[in-house]
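First up is the structure itself, then whatever we jot down about it.
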Protein chains: 2
Amino acid sequence: MARAKSSSVSESAGEKVEQILKGAMQEFLAHGYAGTSMDRVAAAAGVSKATVYSHFGDKEGLFAALVEGLAKKRFKILLDIASPAGEAKIVLRQLAETLLNQVAEDAEHITFMRMIIAESGRFPNLAKIFIRHITLPVLEKLIQYLASHPELNIPDPEAAARIFLGSVVQFIIIQEILHGKEIIPLDKERMIDSLTHFMLSGAGK
Amino acid sequence: MARAKSSSVSESAGEKVEQILKGAMQEFLAHGYAGTSMDRVAAAAGVSKATVYSHFGDKEGLFAALVEGLAKKRFKILLDIASPAGEAKIVLRQLAETLLNQVAEDAEHITFMRMIIAESGRFPNLAKIFIRHITLPVLEKLIQYLASHPELNIPDPEAAARIFLGSVVQFIIIQEILHGKEIIPLDKERMIDSLTHFMLSGAGK
DNA sequence: GTCTATAGATCGATAGAC
DNA sequence: GTCTATCGATCTATAGAC
């Protein structure tokens, strides 16, 4: 019952590593990089501090490993969202809807975004991992969609995709991350309606 | 030459206070909240640590005073930008242009935005000060402008204003704060063109 | 009011036993 | 590999001299 004290078998291959990553994620998301101590990471992971150091070298190495893993996870989620099919009016509406509902309600995602921005000064490479693995693929999918539907009459698909996703993400940042919904409330549906309205404004109807 | 050792006159009313605020801003912008020590603030301000504490109580009080001051300064700058006059096409283009050029090139403003987002989890009130003093006034001016020009045929000025400013701000966040311009470069002019295109899409031309 | 000096806690990182 | 114990530095905050 109590965990094997281990002697030879070494059944716990990457077991402690995952414990550490999980505990570290918890602490970094809660307190940011500078605000997180290695003692607390070790405690949250249920291992000793020395074990943490033996696996990840130092605090920065642990943080980098953590963010890369999270970015890949988020990458998957968002790419599933952005698989377009059907009429433009419906596709665009659904994309905005899913982003606003899925992301805005996901507290961990919110906190993750906050942390990436927070540490983007000291850790530019982590921000770039985020851009490369999350922002860029979603943007590219949308650009491709807009460009392959000439009936929409969009003069610059790349810029339009930026406007579309930028509006949605910034809405989430203001309402959720910066707690703006208590000060400037605005229904998600109205954002969705207006976004699709502008995107379809050039269509022949 | 050397500063008066002071004995009675007390010419330095809020002199040290301003020194402290200046030094603190420097340190907080460079290292974030948790990453900044009161020793370094005192050193950067050229005063003793005890003096810092006597004026601002504790670290959080100092941070709050700092952010409130910055918010008011930013508020002024952005409100000057958002004073609309003239034809819609030109007014909107100029607003986007000024925001993109003025804000994107202002390293201090970039860093300030990063810090506000970074600390918005632990210090929600600071984020709210930012929203109330900066985001809200600019948003309101734009809403008022859009609403008072019915020839633009904008169905929901509040949502449209969000889209306009959200696109611009998120563009700055991705390109500048998250270092995205090295990965997804995009000319500001194309953003401006597309933004005005969408906003004017309902006008009778 | 402003300083020096320091208390008391916590930090990142490591040595050494097992 | 993983642990305990600890080092030396640094942290926030304060006491006491001037």
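Residue numbers begin at 1 in each chain, while the letters A, B, ... track the order of the sequences.
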Quiz: residues 154-168 of chain B side-chain donor-acceptor pairs under 3.5 angstrom, not counting sequence neighbours:
from, atom 1, to, atom 2, distance (Å)
B:Asp156, OD1, A:Arg190, NH2, 3.0
B:Asp156, OD1, B:Glu158, N, 3.3
B:Asp156, OD1, B:Ala159, N, 3.3
B:Asp156, OD2, A:Arg190, NE, 2.7
B:Asp156, OD2, A:Arg190, NH2, 3.4
B:Arg162, NH1, A:Gln175, OE1, 2.7
B:Arg162, NH2, A:Gln175, OE1, 3.2
B:Arg162, NH2, A:Ile184, O, 2.6
B:Ser167, OG, A:Ile163, O, 3.4
B:Ser167, OG, A:Ser167, OG, 3.1
B:Ser167, OG, B:Ile163, O, 2.6

Worksheet item: Could you run down nucleotides 4-18 of chain C 5' to 3' and tag each one B, S or - for protein heavy-atom contact under 4.0 Å?
Response: B------SBBBB---
Practice prompt. Please determine if B:Arg114 and A:Glu119 form a salt bridge, counting it only when a charged side-chain N lies under 4.0 Å from a carboxylate O.
Written response: no
Worksheet item: How long is the line joining NE2 of B:His31 and C1' of D:dC11, in whole Å?
Response: 15 Å
Fill in: Identified side-chain contact (heavy atoms from CB on, under 4.5 Å) partner of B:Val47 from the options B:Val41, B:Val52, B:Val17
B:Val52
Worksheet item: Mind checking what makes side chain to side chain contact (heavy atoms under 4.5 Å, CB included) contact with B:Val169, not counting sequence neighbours?
Response: A:Gln170, B:Met113, B:Ile173
Worksheet item: Are A:Glu87 and A:Arg93 within salt-bridge range, i.e. N to O under 4.0 Å?
Response: no
